[in-house]
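Scroll down for the structure; my scribbles are underneath it.
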Amino acid sequence: MPDFADRLAEIRRLLAADETSAALTQLQNLKNDASAPNIWQVHELFGAAFFAEGNAEKTAAAYFNAFRADRYLTAQMQHFSNYLFALQYLPDITNEAVFAEHLFYGKLASNLPQMPLPKKHRAAGAKIRVGYLAPNFAPSAAACFFAPFLTAFDEESFAVFAYAADDSSSVAASPRFSAKNCPTVAWRTLPPDYDEAARIIRSDELDILVELGGHSAGGRTLIIAA
């Protein structure tokens with residue numbers, strides 16, 4: 001019989017192939033065999049499967065279960081981001097309830113290690129250094145909103161940095177954010193490690209950092225910013 005990791009890999013393959021029903025069947029079987037330290041992975045995949053089906057209520061419940069079962073703070077925050085993202089699609093949830101859940105996420109974020117701000121000595125008249133942090137800069141609905149920040153800023157007044165948290169090829173793949181359209185933007189592809197990613201951003205001595213990802217993509221950019 002395949003071991004737990006192999007069964008997880010097969011379920012991920014089914015989800016990638018849009019074979020959601022088969023993935024859910026295997027997840028139900030795997031849930032009965034999963035040990036306590038590993039059950040979060042099952043809940044996480046349930047969330048992905050229900051998301052693929054468009055079932056927001058079950059998606060939210062699955063990711064909340066993954067949050068409760070996981071033991072590591074940054075992983076818990078990723079599950080909770082997916083949970084918060086799904087809440088936006090629940091028809092009967094109140095604004096007050098959604099707000100309360102976001103406040104709880106803020107409490108989780110307050111437990112992350114904090115890097116002290118660098119002491120900056122900006123010369124008079126120096127450019128304001130602005131950074132934009134996104135999961136990636138591939139063509140997307142979100143990119144339609146933030147594209148002008150990268151393509152139409154005052155180059156005499158601002159130095160602009162763009163940080164891609166997930167996809168190193170996304171900038172090159174997007175004609176909107178090509179070197180031709182953004183000749184003075186400093187592009188950065190961040191590593192998977194959160195602390196290292198934060199150090200890279202910190203080393204650019206920004207005056208302003210704008211986080212663009214929100215709770216999409218597991219909220220990775222929020223964790224880096226926090």
Side-chain angles (χ1 to χ4, degrees), residues 2-16 20 22-90 93 97-115 133-136 164-167 190-199 201 211-226:
D3 64 17
F4 184 78
D6 290 337
R7 295 168 73 183
L8 284 176
E10 173 60 13
I11 292 168
R12 292 190 180 98
R13 185 196 68 77
L14 291 170
L15 289 173
T20 309
L24 283 168
T25 298
Q26 294 205 25
L27 278 168
Q28 291 289 355
N29 295 329
L30 186 58
K31 184 178 179 181
N32 297 326
D33 299 331
S35 61
N38 296 318
I39 192 66
W40 69 265
Q41 298 178 76
V42 178
H43 291 309
E44 183 180 52
L45 288 178
F46 265 119
F50 290 132
F51 181 84
E53 285 194 330
N55 191 323
E57 186 174 2
K58 289 186 176 180
T59 299
Y63 281 124
F64 187 78
N65 287 336
F67 154 72
R68 291 198 304 176
D70 212 324
R71 296 173 295 170
Y72 299 100
L73 177 59
T74 53
Q76 287 180 319
M77 292 180 68
Q78 289 184 63
H79 303 317
F80 209 82
S81 273
N82 287 327
Y83 163 69
L84 291 175
F85 193 85
L87 290 187
Q88 310 305 314
Y89 298 92
L90 299 185
I93 194 167
V98 173
F99 182 59
E101 295 300 277
H102 281 77
L103 290 180
F104 180 78
Y105 178 87
K107 292 180 180 178
L108 291 175
S110 69
N111 293 315
L112 290 169
Q114 302 291 307
M115 289 186 178
L133 171 60
N136 58 59
D166 294 333
D167 187 356
L190 300 177
D193 181 79
Y194 289 109
D195 289 340
E196 187 177 352
R199 278 193 291 271
I201 296 174
E211 189 280 321
L212 297 170
H215 290 290
S216 65
R220 175 167 160 72
T221 50
L222 284 173
I223 297 173
I224 295 171

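Positions are given from 1 along the sequence.
Residues that satisfy the side chain to side chain donor-acceptor pair (under 3.5 Å) test with Gln26, not counting sequence neighbours, are absent from this structure. With sequence neighbours left out, the salt bridge (charged side-chain N to carboxylate O under 4.0 Å, His left out) criterion links Arg12 to no other residue. In this structure Ala61 satisfies the side chain to side chain contact (heavy atoms under 4.5 Å, CB included) test with no other residue, sequence neighbours excluded. Evaluation of the side chain to side chain donor-acceptor pair (under 3.5 Å) rule for Glu44 yields no partner, not counting sequence neighbours. Judged as a side chain to side chain contact (heavy atoms under 4.5 Å, CB included), and not counting sequence neighbours, the contacts of Ser35 are Pro37, Asn38. In this structure Gln88 satisfies the side chain to side chain donor-acceptor pair (under 3.5 Å) test with no other residue, sequence neighbours excluded. For Tyr105, the side chain to side chain donor-acceptor pair (under 3.5 Å) test picks out no residue, with sequence neighbours left out. Not counting sequence neighbours, the partners of Phe80 by the ring-ring contact (aromatic ring centres under 6.0 Å, His included) test are Phe67, Tyr83, Phe104. For Pro192, the side chain to side chain contact (heavy atoms under 4.5 Å, CB included) test picks out no residue, with sequence neighbours left out. With sequence neighbours excluded, the residues forming a side chain to side chain contact (heavy atoms under 4.5 Å, CB included) with Asn65 are His43, Arg68, listed by chain and number.
Gly47 and Ala62 get closest at one heavy-atom pair: N-CB, 3.4 Å. Nearest heavy atoms, Thr221 versus Pro135: CG2-N, 3.5 Å. Gln114 and Ala226 get closest at one heavy-atom pair: NE2-O, 3.2 Å. Phe4 and Ala34 get closest at one heavy-atom pair: CE1-CB, 3.7 Å.
Here the side chain of Ser110 pairs a donor or acceptor atom with the backbone of Lys107 at under 3.5 angstrom. Side chain of Arg220 to main chain of Asp166: no donor-acceptor pair is present (N/O by atom type, distance under 3.5 Å, no hydrogens or angles). Side chain of Gln28 to backbone of Ala23: no donor-acceptor contact under 3.5 angstrom is found.
A salt bridge is defined here as a Lys NZ or Arg NE, NH1 or NH2 lying under 4.0 Å from an Asp or Glu carboxylate O, and Arg13 with Glu10 meets this definition.
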Report all side-chain donor-acceptor pairs from residues 49-60 shorter than 3.5 Å, counting only partners two or more places apart or in another chain.
{"from": "Asn55", "atom 1": "OD1", "to": "Glu57", "atom 2": "N", "distance (Å)": "3.4"}
{"from": "Asn55", "atom 1": "OD1", "to": "Lys58", "atom 2": "N", "distance (Å)": "3.0"}
{"from": "Thr59", "atom 1": "OG1", "to": "Phe50", "atom 2": "O", "distance (Å)": "3.4"}
{"from": "Thr59", "atom 1": "OG1", "to": "Phe51", "atom 2": "N", "distance (Å)": "3.0"}
{"from": "Thr59", "atom 1": "OG1", "to": "Asn55", "atom 2": "O", "distance (Å)": "2.7"}

